[in-house]
Amino acid sequence: MAEYAACILGLMLAIDMNVQDLLVIGDSDLLVHQVLGEWATKNTKILPYLHYVQELIKRFTKRESKHVLRIQNAFVDALATLYSMIQHLDKNFINPIQIGIHKQPAYCAHVEEEIDRNPWFYGIKEYLPK
């Protein structure tokens with residue numbers, strides 16, 4: 001259901017932006033094939049989502065879907081997970097998530113030794129039962 005909800009939000013955003021040609025890229029074979037009508041939907045809880053997606057898709061003049069491996073779609077999968085975790089009184093509203101794109105990855109390649117010469121986990125280790 002979270003992937004359907006994320007798909008609906010994406011389609012609604014595209015409609016608000018007056019997009020006419022739509023390319024949907026997804027990692028869920030099930031969702032893509034259900035929306036295209038190629039696979040049946042057995043879960044009755046998903047049917048309202050499916051019908052709504054099919055209605056939204058009709059608003060585009062040209063539409064195409066492409067399947068990618070889940071590993072190539074980790075960012076979208078994370079957004080779908082975040083959406084499923086957010087509870088809002090108005091079901092048609094989601095708080096905006098600010099996303100920044102950086103030119104290079106942010107990581108720490110070197111951790112300096114503590115002044116007291118103890119390892120980084122020393123303080124935590126003291127609280128663990130022996």
Side-chain angles (χ1 to χ4, degrees):
M1 284 194 270
E3 290 191 6
Y4 268 99
C7 181
I8 289 168
L9 285 175
L11 292 172
M12 291 171 64
L13 179 63
I15 290 167
D16 288 346
M17 295 172 61
N18 294 319
V19 171
Q20 297 299 311
D21 297 344
L22 180 70
L23 170 62
V24 176
I25 300 172
D27 61 11
S28 173
D29 255 347
L30 182 65
L31 186 143
V32 171
H33 289 287
Q34 285 176 344
V35 169
L36 294 174
E38 296 170 353
W39 292 357
T41 307
K42 295 179 183 176
N43 187 340
T44 56
K45 292 180 182 178
I46 291 179
L47 282 174
Y49 290 91
L50 173 62
H51 295 308
Y52 192 51
V53 168
Q54 289 171 333
E55 286 301 313
L56 290 174
I57 285 179
K58 290 178 184 175
R59 298 186 186 188
F60 300 95
T61 55
K62 182 180 175 188
R63 51 197 173 267
E64 182 183 344
S65 23
K66 179 181 174 188
H67 178 262
V68 295
L69 298 175
R70 188 169 297 270
I71 191 120
Q72 295 171 320
N73 210 18
F75 184 69
V76 174
D77 197 38
L79 287 176
T81 302
L82 281 173
Y83 174 80
S84 70
M85 295 167 54
I86 296 171
Q87 298 295 321
H88 199 278
L89 297 175
D90 180 3
K91 297 295 182 190
N92 294 321
F93 178 82
I94 183 169
N95 292 326
I97 300 171
Q98 298 295 324
I99 300 169
I101 299 174
H102 301 279
K103 293 182 181 179
Q104 62 186 23
Y107 58 89
C108 182
H110 179 72
V111 177
E112 293 186 24
E113 187 177 14
E114 293 290 329
I115 297 171
D116 62 3
R117 301 274 186 220
N118 290 322
W120 66 268
F121 56 84
Y122 181 78
I124 297 170
K125 191 175 175 184
E126 292 298 307
Y127 289 101
L128 296 176
K130 295 178 182 186

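The figures here come from the full heavy-atom set of this structure, side chains too, leaving out hydrogens, waters and symmetry mates.
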Enquirer: Would a hydrophobic clustering, with Ile, Leu, Val, Met, Phe, Trp and Tyr connected at side-chain separations under 4.5 Å, put Leu30 with Leu11?
Expert: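 No, Leu30 and Leu11 fall in different hydrophobic clusters.
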
Enquirer: Would you list the pairs meeting ring pair (Phe, Tyr, Trp, His ring centres under 6.0 Å) in which at least one residue belongs to residues 5-41, sequence neighbours left out?
Expert: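 Ring pair (Phe, Tyr, Trp, His ring centres under 6.0 Å) check on residues 5-41 returns His33-Trp39.
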
Enquirer: For the hydrophobic clusters of this structure (ILVMFWY residues joined by side-chain heavy atoms under 4.5 Å, transitively), does one cluster hold both Leu36 and Leu50?
Expert: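 Each belongs to a different hydrophobic cluster.
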
Enquirer: If Ile, Leu, Val, Met, Phe, Trp and Tyr residues are connected whenever their side-chain heavy atoms lie under 4.5 Å apart, and connections chain through other members, are Val32 and Tyr4 in the same group?
Expert: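 In one cluster with Val32: Tyr4, no.
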
Enquirer: Looking at side-chain heavy atoms only, is the closest gap between Ile57 and Val53 below 4.5 Å?
Expert: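 A side-chain contact exists here, since the closest heavy-atom pair is under 4.5 Å.
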
Enquirer: Pairs under 3.5 angstrom only: tabulate donor-acceptor contacts from the side chains of residues 16-26 to other protein residues two or more places apart or in another chain.
Expert:
none

Enquirer: How many angstroms lie between atom CE of Met12 and atom CD1 of Ile8, to the nearest 0.5 angstrom?
Expert: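 If we round to the nearest 0.5 Å, Met12:CE and Ile8:CD1 are 8.0 Å apart.
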
Enquirer: Which pair of heavy atoms, one from Gln34 and one from Ala40, lies closest together, and at what distance?
Expert: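 Minimum heavy-atom contact is NE2-O, 3.7 Å.
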
Enquirer: Working to the nearest 0.5 angstrom, can you tell me the gap between Asn43 CG and Tyr49 OH?
Expert: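 One finds 10.5 Å between CG of Asn43 and OH of Tyr49.
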
